[in-house]
Protein chains: 2
Amino acid sequence: MSDTLTPKQRQVLEAIRRFQQEKGYPPTVRELAELFGQLSTAGMHKILMTLQEKGVLSRREGTKSRSYHIIGEEPGEGPAGRARPCPIIGEVVAGMPELALEEREGDLYLDSDWVGKEDIFLLRVRGHSMIDADIRDGDLLAVQITQSCRNGEIIIALLDDEATVKRFYKEKDRVRLQPENQTMQPIYIPIDDPGFRIIGKVKGLLRRYH
Amino acid sequence: MSDTLTPKQRQVLEAIRRFQQEKGYPPTVRELAELFGQLSTAGMHKILMTLQEKGVLSRREGTKSRSYHIIGEEPGEGPAGRARPCPIIGEVVAGMPELALEEREGDLYLDSDWVGKEDIFLLRVRGHSMIDADIRDGDLLAVQITQSCRNGEIIIALLDDEATVKRFYKEKDRVRLQPENQTMQPIYIPIDDPGFRIIGKVKGLLRRYH
DNA sequence: GACAAAAGCAAACATATGTGCTATATTTAG
DNA sequence: CTAAATATAGCACATATGTTTGCTTTTGTC
């Protein structure tokens with residue numbers, strides 16, 4: 001089908017794609033016409049009709065504004081629908097869960113298919129205390145903010161205003177925090193310890209090689 | 001600033017965010033009004049004005065259609081601009097670099113700020129041969145397709161139609177492939193070995209916890 | 001050159017969308 | 001309770017955008 005397109009029609013199609021990509025919303029007929037330096041909208045409109053007849057362009061219902069889109073690249077089914085910004089936190093600071101934005105290093109867009117749709121932030125790992133879990137210094141941990149976690153999950157917790165990464169095990173009347181580094185001993189905490197607070201659980205890990 | 005928002009105003013803001021997220025373009029005033037079951041656009045319009053005064057909402061120039069957007073979440077600066085789809089390959093198969101799409105498990109959107117803008121695919125790690133590099137069975141490796149790589153980089157290579165993950169070192173007249181697992185010996189390959197081919201180098205790692 | 005398809009311009013028109021009024025209910029703060 | 005702020009409806013109007021008509025120019029083909 002697309003092999004029957006004229007050069008001009010390809011250019012228009014490509015312009016629509018780029019506009020949606022860069023701006024984040026579809027163009028109007030006039031905006032397209034201006035992009036090609038045309039003084040009238042009629043010509044562009046005719047091209048758009050042809051592209052629809054040829055089955056490569058579509059639009060939402062009726063004659064709504066900014067409704068043209070390339071078939072197979074519907075806005076919302078693309079990156080915008082799955083990617084979500086996640087703040088990178090250099091350090092977990094007491095005073096959460098306001099997520100101390102002072103420590104914010106920036107955002108990273110993550111695929112919600114991979115990391116889920118719940119509240120997430122990225123925590124940069126410092127030190128080698130998790131080396132037995134194959135977590136390295138400098139890695140980013142995707143942390144889902146939650147207070148409920150199950151046995152064996154890796155959690156981020158505040159212990160007397162100090163943040164730690166540990167495996168979580170709930171025992172009779174206490175909580176056992178198991179370090180992954182075998183040279184370190186587990187920590188036991190009474191369930192009602194006021195200095196203990198769970199920030200969230202680790203859902204993913206990101207590492208970058210240079 | 002945002003602490004002075006009324007519940008209704010928060011809801012509207014959240015609706016704008018979700019609309020842009022799901023549809024891929026900003027809503028009209030009437031579409032917003034309908035979302036809240038209102039018969040008039042006047043109320044919604046007033047709320048939008050208030051949100052602008054409070055500095056959380058903005059719009060493109062003039063009075064264009066579908067131009068409202070949340071400040072800090074401008075469409076185009078968001079997911080669509082940085083996220084890029086990367087195919088997940090279950091196994092590196094001989095016959096690359098056509099990237100045997102049969103083995104394709106799907107796509108994952110990755111942030112180009114993190115993974116770069118070059119050709120990338122994701123390779124699922126099988127086995128524990130890279131455990132000393134803290135790479136686990138099931139991890140995803142972000143592989144940049146290239147033939148040029150420097151000493152010490154982790155590469156994906158084809159050796160007699162078999163894919164391996166190794167550290168790359170170029171020596172005088174041969175290439176040394178160093179496994180990360182200390183129980184395994186390095187492999188030496190003449191530079192002109194026809195059965196040897198570099199697929200690409202590892203730029204990142206993704207792990208998911210359950 | 002004749003011809004048809006594609007592309008362009010100008011001007012109008014129809015619909016979609018943004019904005020501005022008035023009036024009335026509902027909520028909130030004091 | 002009262003007053004202010006907020007939210008709603010209904011209507012009118014201005015601008016933005018989509019669509020159509022008629023004509024001219026360009027382009028490629030026979």
Side-chain angles (χ1 to χ4, degrees), chain A residues 1-16 19-20 22-71 74-75, chain B residues 1-16 19-20 23-71 74-76:
Chain A
M1 22 173 83
S2 70
D3 42 3
T4 65
L5 294 184
T6 68
K8 191 76 187 183
Q9 289 166 1
R10 284 180 205 279
Q11 288 174 33
V12 171
L13 210 60
E14 187 53 39
I16 295 176
F19 193 104
Q20 172 71 48
E22 293 178 5
K23 306 267 191 163
Y25 46 83
T28 65
V29 180
R30 278 170 182 77
E31 284 168 341
L32 280 175
E34 282 176 27
L35 277 181
F36 287 84
Q38 293 175 195
L39 302 178
S40 168
T41 61
M44 184 55 64
H45 185 256
K46 194 182 292 180
I47 293 180
L48 294 177
M49 300 296 275
T50 308
L51 286 173
Q52 285 185 82
E53 285 170 11
K54 293 189 176 177
V56 293
L57 192 68
S58 178
R59 60 180 328 183
R60 304 196 305 277
E61 355 90 59
T63 84
K64 296 219 170 181
S65 75
R66 301 181 184 279
S67 60
Y68 285 106
H69 58 81
I70 299 174
I71 287 182
E74 283 74 11
Chain B
M1 24 171 82
S2 71
D3 42 4
T4 64
L5 296 184
T6 67
K8 191 77 186 182
Q9 290 166 357
R10 283 180 205 280
Q11 289 173 34
V12 171
L13 209 60
E14 186 55 37
I16 295 176
F19 194 103
Q20 171 72 47
K23 306 266 190 162
Y25 45 83
T28 66
V29 179
R30 279 169 181 77
E31 283 168 342
L32 279 174
E34 281 175 26
L35 278 180
F36 287 82
Q38 295 172 194
L39 302 179
S40 168
T41 61
M44 185 55 65
H45 184 253
K46 189 179 292 184
I47 292 179
L48 292 177
M49 300 294 276
T50 307
L51 286 174
Q52 286 185 81
E53 286 171 11
K54 292 187 176 180
V56 292
L57 191 69
S58 180
R59 60 179 328 185
R60 304 193 304 277
E61 355 88 60
T63 81
K64 296 219 165 181
S65 75
R66 301 182 185 278
S67 60
Y68 284 108
H69 59 81
I70 299 173
I71 286 182
E74 283 76 9

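Numbered from 1 within each chain, the chains take letters A, B, ... in sequence-line order.
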Between the axis at one end of the helix from C:dG1-D:dC30 to C:dG30-D:dC1 and the axis at the other (five pairs apiece), what's the angle to 10 degrees?
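Comparing the axis at each end, I get an angle of 40°.
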Looking at B:K23 and B:E31, does any basic side-chain N land under 4.0 Å from a carboxylate oxygen?
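The answer is no: the pair does not qualify as a salt bridge.
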I need the A:Y68 OH to A:Q20 CD distance, nearest 0.5 Å.
15.0 Å
So CD of A:Q9 and CG of A:L48: to nearest 0.5 Å the spacing works out to 10.0 Å
Once you round it to whole Å, what is the distance between [atom2] of [N] and [atom1] of [X]?
| X | N | atom1 | atom2 | value |
| --- | --- | --- | --- | --- |
| A:K8 | C:dG8 | NZ | C1' | 9 Å |
| B:E53 | D:dT6 | CD | C1' | 13 Å |
| A:E34 | C:dC9 | CD | P | 12 Å |
| B:L39 | D:dA7 | CG | P | 17 Å |
| A:I47 | D:dT27 | CD1 | P | 14 Å |
| A:L5 | D:dG28 | CG | P | 16 Å |
| B:L48 | D:dT6 | CG | C1' | 14 Å |

OP1 or OP2 of D:dG10 less than 4.0 angstrom from a side-chain nitrogen or oxygen of B:Q38, does that happen here?
no
Flag the pair [X] / [Y] as yes when at least one side-chain heavy-atom distance between them is below 4.5 Å, and no otherwise.
| X | Y | value |
| --- | --- | --- |
| A:L57 | A:I70 | yes |
| B:F19 | B:L32 | no |
| B:V12 | B:L35 | no |
| B:H69 | A:Y25 | no |

I need the minimum non-hydrogen distance between B:S40 and B:A33, along with the two atoms involved.
O-CB, 3.7 Å
Can you give one letter per nucleotide of nucleotides 11-23 of chain D, going 5' to 3': B for a protein heavy atom under 4.0 Å from the base, S for sugar-phosphate only, - for none?
----SSBBBBB--
Run through B:T50, B:I71, B:L51 and flag the one making a side-chain contact (heavy atoms from CB on, under 4.5 Å) with B:V56.
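Filter result, single survivor: B:L51.
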